[in-house]
A.B. asks: 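Below you will find the structure I want to go over with you.
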Amino acid sequence: MDAIKADVLILGSGGAGLFAALHAYERNPQLKIILATKGIIGKGGCSRMVQGGFNVVLNENDSLEKHFMDTLKGGGGINNQELAWTLVNDAPRTVHELEVSVGCFFDRAEDGKIHQKAFAGQSFDRTVHVADLTGIQIISRLTDQIFARNINVMEETRGLDLLTTESGNRVVGCVMANIRTGQIFLVHTKVVVVATGGSASMFKISAPSVDKTGDGMAMCFRAGAEFVDMEMVQFHPTGIIAGASRLSGSLLEEGLRGAGARLYNGLGERFMERYDPERLEKSTRDRVARAGYMEIMAGRGTENNGIYLDASHMGARFVEENFPGMVERMKDIGKDLARERVEITPTAHYQMGGVRIEKDCRSSLEGLLVAGEDAGGTHGGNRLGGNGICDSTVFGRRAGDIAALIAMEESLRPYEEAAAERIRMRWLKPFTLKSGNGVYAIRDEMKELMWENVGLVRSGSKMKEAVHRLDGLLEEVESVSVTNRYLTRFNMEWQHIIDVTNALTVSRMVAHSALHREESRGAHFRDDFPETDNDNWLVNIFLTKEDDIGIALSTRPVALIRLKREEIGDLKY
Ligand SMILES: Cc1cc2nc3c(=O)[nH]c(=O)nc-3n(C[C@H](O)[C@H](O)[C@H](O)COP(=O)(O)OP(=O)(O)OC[C@H]3O[C@@H](n4cnc5c(N)ncnc54)[C@H](O)[C@@H]3O)c2cc1C
């Protein structure tokens, strides 16, 4: 197999991957850095889709302690406090770097300072933004910086599997596929940064970009890395309903609720009065999403199984000026957000769980750093809006710095050619098989199963069914063949087989972990255990691969190293 030598390999070109590449280069421009991305640089991933903005403490009346407390409260108290503190502490210097070195320009208040708007679940208006399409600014400017440097960019090139030493505890490279040519090759490297952005796209209705299918997490699982709190998947309350259009499931941003937009059920009731009478629509995402889902399940939904979002009372001019992107998006499906209520639905959005990392992004495997949505722990049971892009840029910076240090200290370790070849053959299997069910039917069943059985409202019996069926689906996808066995170039059916294998791998982790947590907390709600149980479940659930594809789970009490349980306050569902 062709092998390319590198000092640092970065997988993914979202906020985490781009910042990692930039910082690794700035630490040492002599390093050979490869930035490989499944999509097109500057276009793929969710960082570009960031709408509302970036949480950061900039105002003298705000404080890091307040941002930290909001993050912990939002997370149901099971956040990794070291990671959460790193997030809030590094955010101001990250925003400073974005403006001063990277070239972003955030919206200004009348006094010329950066404008900060309200987001749900926060005690202070601390979300910086560029209108309601913040991610385009951040990703475009970061991409400019990458192109201005000697960083080797590989587009439409995906990581397939990490290569480890024979002992299995060190990553020495990654077997990759060039989607355009179909070539499989190896990048032999001192350190890999996995920043492929997780993905909640295994659910029937979901918001993430289509290039994301949990690849990084699946690769890390197969390589033996440890994961944390995989049951924690966030559902966003306000996804668009647009029939068969690709826009279905994509978001209307949280700032709308922050600014005063209201939610109604099909009967015209402002239903949040029942679920969180104090904060109403400004309650945290988990509660608002679940409330909407419960209204629909109780038969109080709209014609198309949704609820209504109404921003019209805020005045058409205000909505058009402050949410131009959202207005435009709704216009695409023939709706006038500024003047009429629109139908929406909860949509799978973000994974709080992920690979367990230290604050310098080191994972449980040597030579493997993980940053952004692939990493778990920072957000505990529920991420605050605005803390996602903050996470990917803060930890992407750190990963880049550490990757450069590792690359300067370490030498290239030898790898086992036979192991690399085994990986190649595994992924080429669909070209060698004669029959097998189609991949699209498996994908659709997975999405339906995850939505119905491991979605917003979970129960032991439904999750047991899901665990069992997901095992079956993973077995089935292993025997799927491609229709055209002579075409590897841009063979999207083949790419889908890899995507679905990865999404099923991550789905199994989510389902196993969710079945294990016998309580309700944050985004994880069980109707058979509807209470938060702080006496028994103020714990993190850790997960690793056992034998070939088995899953081993263990729990450890949350390390309350900065704030104790009583100091975080009321930790009830
Ligand atoms: C519609 C929408 C709106 C959002 N709005 C906000 C907001 O207002 N504020 C906020 O804080 N957060 C928001 N988020 C969440 C935020 O986008 C994420 O938290 C964050 O961008 C994740 O960054 P990342 O770098 O980890 O991944 P991403 O930005 O998703 O990037 C992942 C990258 O990995 C690549 N990739 C995938 N698989 C492979 C592979 N096998 N090999 C190589 N590359 C691969 C992808 O092509 C992509 O380039 C929003 C998300 C969505 C979907």
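Note that ligands are numbered from 1 as they come in the structure, with each ligand's atoms numbered from 1 the same way.
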A.B. asks: Starting from atom 42 (N) of ligand 1, what is the nearest protein heavy atom, named by residue and atom, and what distance separates them?
C.D. replies: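 So the nearest neighbour among protein heavy atoms is Gly159 N, 3.0 Å.
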
A.B. asks: Would you say Gly388 has any N or O atom under 3.5 Å from an N or O of ligand 1, going by distance alone?
C.D. replies: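 Yes, Gly388 has an N/O under 3.5 Å of an N/O on ligand 1.
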
A.B. asks: Distance to 0.1 Å, residue and atom name: give those for the protein heavy atom nearest to atom 19 (O) of ligand 1.
C.D. replies: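 For this ligand atom, the closest protein heavy atom is Tyr350 CE1, 3.1 Å.
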
A.B. asks: Using the test salt bridge (Lys or Arg N to Asp or Glu O under 4.0 Å), find all partners of Lys545 that sit at least two apart in sequence or belong to another chain.
C.D. replies: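 With sequence neighbours excluded, Lys545 shows a salt bridge (Lys or Arg N to Asp or Glu O under 4.0 Å) to no residue whatsoever.
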
A.B. asks: Taking only residues two or more places apart in sequence, or in another chain, which ones meet Val506 in a side chain to side chain contact (heavy atoms under 4.5 Å, CB included)?
C.D. replies: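 With sequence neighbours excluded, Val506 shows a side chain to side chain contact (heavy atoms under 4.5 Å, CB included) to Met202, Met217, Ala218, Met230, Gln351, Met509, Val510, given in chain and number order.
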
A.B. asks: In the protein, what heavy atom is nearest to atom 8 (O) of ligand 1, and what distance, to one decimal place, separates them?
C.D. replies: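 Nearest protein contact, heavy atoms only, for atom 8 (O) of ligand 1 is Gly52 N, 2.8 Å.
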
A.B. asks: Nearest protein heavy atom to atom 53 (C) of ligand 1, by residue and atom, and its distance?
C.D. replies: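 The answer is Cys46 SG, 3.5 Å.
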
A.B. asks: I'd like the name of whichever of Val50, Leu18, Leu11 reaches closest to atom 13 (C) of ligand 1 through any heavy atom.
C.D. replies: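 It is Val50 that holds the nearest heavy atom.
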
A.B. asks: What residue and heavy atom of the protein are closest to atom 44 (N) of ligand 1, and at what distance?
C.D. replies: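 Result for atom 44 (N) of ligand 1: Lys38 N, 3.2 Å.
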
A.B. asks: For atom 18 (C) of ligand 1, what is the closest protein heavy atom, and at what distance to 0.1 Å?
C.D. replies: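 Atom 18 (C) of ligand 1 sits closest to the protein heavy atom Glu373 OE1, 3.9 Å.
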
A.B. asks: Test of understanding: given a 4.0 Å heavy-atom threshold, classify the contact between Ser209 and ligand 1 as side chain, backbone, both, or neither.
C.D. replies: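 Neither part.
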
A.B. asks: For atom 21 (O) of ligand 1, what's the nearest protein heavy atom and its distance?
C.D. replies: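 It is Ser47 OG, 2.7 Å.
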
A.B. asks: Tell me: protein heavy atom nearest atom 9 (N) of ligand 1, and distance?
C.D. replies: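 Going atom by atom, the protein heavy atom closest to atom 9 (N) of ligand 1 ends up being Gly53 O, 2.8 Å.
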
A.B. asks: Please work out which of Met49, Gln495, Arg383, Lys43 has its closest non-hydrogen atom nearest to atom 15 (C) of ligand 1.
C.D. replies: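 Residue with the shortest heavy-atom distance to the ligand atom: Arg383.
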
A.B. asks: Which bit of Ser392 gets closer than 4.0 Å to ligand 1, counting heavy atoms only: side chain, backbone, both or neither?
C.D. replies: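 Side chain only.
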
